Number of protein chains: 2
Amino acid sequence: MVSQLVPRRGASVKDVAAAAGVSLGTVSNVLNRPERVRPSTRERVERAMLDLGFVRHEGARQLRAGTSRALAYVMLDGRNPFFTDVAQGIEDAAMADELSVFICNSAGSDSREHAHLEHLQQQRVQGILITPVDPDSAFLAEIVRRGTPVVIVDRTRGADRFCTVAVDDVLGGRLAVEHLVELGHEHVAFVGGPTAIGQVRDRLEGARSAWVEAGRDPDALVHLATAGLTVTEGRAAGERLAGLPRRRRPTAAFCANDLLALGLLQQTIGAGGDVPRDLAIVGYDDIDFAAAAAVPLSSVRQPRQELGARAAALALEEATDPGHMHQQVVFQPELVVRASSRG
Amino acid sequence: MVSQLVPRRGASVKDVAAAAGVSLGTVSNVLNRPERVRPSTRERVERAMLDLGFVRHEGARQLRAGTSRALAYVMLDGRNPFFTDVAQGIEDAAMADELSVFICNSAGSDSREHAHLEHLQQQRVQGILITPVDPDSAFLAEIVRRGTPVVIVDRTRGADRFCTVAVDDVLGGRLAVEHLVELGHEHVAFVGGPTAIGQVRDRLEGARSAWVEAGRDPDALVHLATAGLTVTEGRAAGERLAGLPRRRRPTAAFCANDLLALGLLQQTIGAGGDVPRDLAIVGYDDIDFAAAAAVPLSSVRQPRQELGARAAALALEEATDPGHMHQQVVFQPELVVRASSRG
DNA sequence: TCCTGGAATTGAAAGGTTTCAAGAGATTCC
DNA sequence: GGAATCTCTTGAAACCTTTCAATTCCAGGA
């Protein structure tokens, strides 16, 4: 059901001007350059605004001034703490610049993402930060062509057409697997999917090269594919692992994100297994829940808030500096070792 | 550093009209009443829009049409999955109505909340949904006076001045404690704070009355006050519990939310305790991580998504129906018993 | 050929704000 | 006392879209 919207009109600058006995221009000056108006006048105008419940019409302001004071972030998954932390970083940075941030959530859906993007362009936001469903989508490039800066967060694709801010996922995968190799594991599972997701692909790639470089048997690193990056999928993966005959069963698992790792952890413990004795687990993202898990989770930490802050800065730079050149910022991940892999 | 914003102007309806060789009005008709324009003309106009990269200026549209197509939700804590789930419910409902949703996060800060509210009014959103830092704040009432509908989410205060959508927290507290009483616990801790937060107060009140009505010693229900509702605080509370001499130590804990409960759970298990044998735990909210905890957490479930959906519907009703009366919607919580309290 | 009626298109006005050149008032200096 | 200089204030134009009454166009009927 689409409801009928009714226009709502309140007091305008004109009403305020009339009430305060001044001209439009003066009211505008009170709003935008208060130092230019005589204190006594200013006070009268402010009084009138208060009395009339005046609220400046942002649409009209923007229309005339040609500028908006907002940034937007389109998250890939609003229920994954990783992304809400990135969003927090963006908000903090934007606030320092007196910008507000619209947080949107595509929830992994193409059409939802598209709807948000369309709307944000129409809002004339200063810049769109996005962790896209598909970073190669032509639509993103089209947005830039139409004049809105786009910064890709947490992906390195499309590097020539956008600024990107990402963490080196290949390195992250390496770190995790090098750690497991050092612990002496001969049989490791990589849990994650679908590989259509770039993050998954890169982490797997890093894992594989570290594994091979350590001289391990390539076939002893198995890829346990999942349909998504959720706790539920992690539990399902745990069941599949448990179903393997003991000698073919991995002694360690590296999960493509912490939600998977938490699911796997829960399933393993619930089935009477011991972590890390029976199965060492390393996750990815180091969300707050990782450290708080029953067996604190080893994880590859990404500088989430900094990721967001930097992305905001880049978008703003692109919006304001005509000579802007696209940049690729790559942060280094860091392995945090906790009980789930420490013996 | 506040950066200098530069206006960004693209093609306008006027440009499109010129390119397509039609008048302004026709372009507008293509946008708003396509059925009224002859297919061949429409096609020509659409072609021109595409070529010029035309993006409708939402500010101008709003100015003239007097109506916006957006709703906003101001969350109390963007990092608590409970609120992101509520947000999801709002988004789903809004999308069905072809509205977009601005998600904001006050992160518990008064000033941040204030900044968001100010901005949202200026955006002329159709309605503001909010879980406020302080539901009694006069500012909220002022917003309504100025013409923007406000719906309070997850609080029942201010019931006369706003629509509210909430869950019966007193009942939720009762359910949790009745369950613990049934299990035979004689010594129970309520973990949560600060009591300035209404949710905490209500849940404690429900807990206390259930306790007393069951004929238990009032002093045997201790309130373990925390400074906030986070995992970290939960762990700290666990340490304090563990420090108590055994005979004065509660055998069960009811936590004001799941984050606290997860922290408490982790600390307890980490210190070698057994849940629920040494300490039964019941949380509140039933976030996804609760079921996924190493010892699946009993919790009081709130219909999060429905809470959001209903709030959105109320805001819209208030925005569109001149004869609108404020409503108080109260949902019933539901106890979900899992291993953490099942013996 | 002319008229009629419906369909398609047009053009001007309006909506709230900001900007800026120009005007008014007050103050200072010779 | 008058000119020059400030400090404040003003009024009109512009931003982009939508709306709606008026106009044009066209096909069909007389």
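In what follows, chains are A, B, ... by sequence order, proteins preceding strands, each numbered from 1. We use all heavy atoms of the structure for the numbers below, so side chains are in, but hydrogens, waters and symmetry mates are not. These figures come from a predicted structure and were not determined experimentally.
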Measure from the side chain of A:T26, starting at C-beta and using heavy atoms only, and say which of D:dT9, C:dT9, C:dT17 lies closest. D:dT9
Would you kindly compare A:L24 and B:V22 by the position of their nearest DNA chain C nucleotide and give the one closer to the 5′ end? B:V22
What does B:R33 touch in the nucleic acid at a heavy-atom separation under 4.0 angstrom: a base, only the sugar-phosphate, or nothing? sugar-phosphate
A:R38 atom CZ is separated from C:dA24 atom C1', nearest whole Å, by 11 Å
Atom CD of B:E58 and atom P of D:dC16: how far apart are they, to the nearest Å? 15 Å
Which listed nucleotide (D:dT17, C:dT17, C:dG16) is nearest to the side chain of A:L63? C:dG16
Do B:L76 and B:F83 make a side-chain contact, defined as non-hydrogen atoms from C-beta onward lying under 4.5 Å apart? yes
Assign B:S12 to base, sugar-phosphate, or nothing according to its heavy-atom contacts below 4.0 angstrom with the strands shown. sugar-phosphate
Picking from C:dG16, D:dC8, D:dT17, the nucleotide nearest the side-chain atoms of A:T41 would be D:dC8
Residues A:N32 and A:R61: side-chain donor-acceptor under 3.5 angstrom: no
Here the distance between atom P of C:dT17 and atom CZ of A:R69, to the nearest Å, is 18 Å
Can you check the A:N32 CG to D:dT9 C1' distance for me, whole Å? 15 Å
Which nucleotide in D:dT18, C:dT17, C:dG11 has an atom nearest any side-chain atom of B:L31: D:dT18
Search all heavy atoms of A:V153 against all heavy atoms of A:A311 and return the closest pair with its distance. CG2-CB, 3.8 Å
Can you figure out which of C:dT17, D:dT17, D:dT9 approaches the side chain of A:R56 most closely? C:dT17
Quick check: any donor-acceptor pair below 3.5 Å linking the side-chain of B:R64 to the base of C:dA14? yes
Using the rule given for side chain to side chain contact (heavy atoms under 4.5 Å, CB included), can you reason through A:V329 versus A:F331, listing the C-alpha separation, both sets of side-chain angles and the distance that settles it, and then say yes or no? CA-CA 7 Å; A:V329 177; A:F331 287 101; 3.8 Å; yes
Candidate nucleotides D:dT17, C:dT17, C:dT9, ranked by approach to the side chain of B:R61 - the nearest: D:dT17
Salt-bridge contact A:E43-A:R47 (side-chain N to carboxylate O under 4.0 Å): no
How do A:E35 and A:G25 order along DNA chain D: which one's closest nucleotide is nearer the 5' end? A:E35
Between D:dT17 atom P and A:Q122 atom CD, what is the distance in whole Å? 10 Å
B:N29 CG - C:dT9 P separation (whole Å): 9 Å
Could you check how far CD of B:Q121 sits from P of C:dG16, rounded to whole Å? 17 Å
Measure from CZ on B:R36 to P on D:dA22 and round the result to the nearest Å. 16 Å
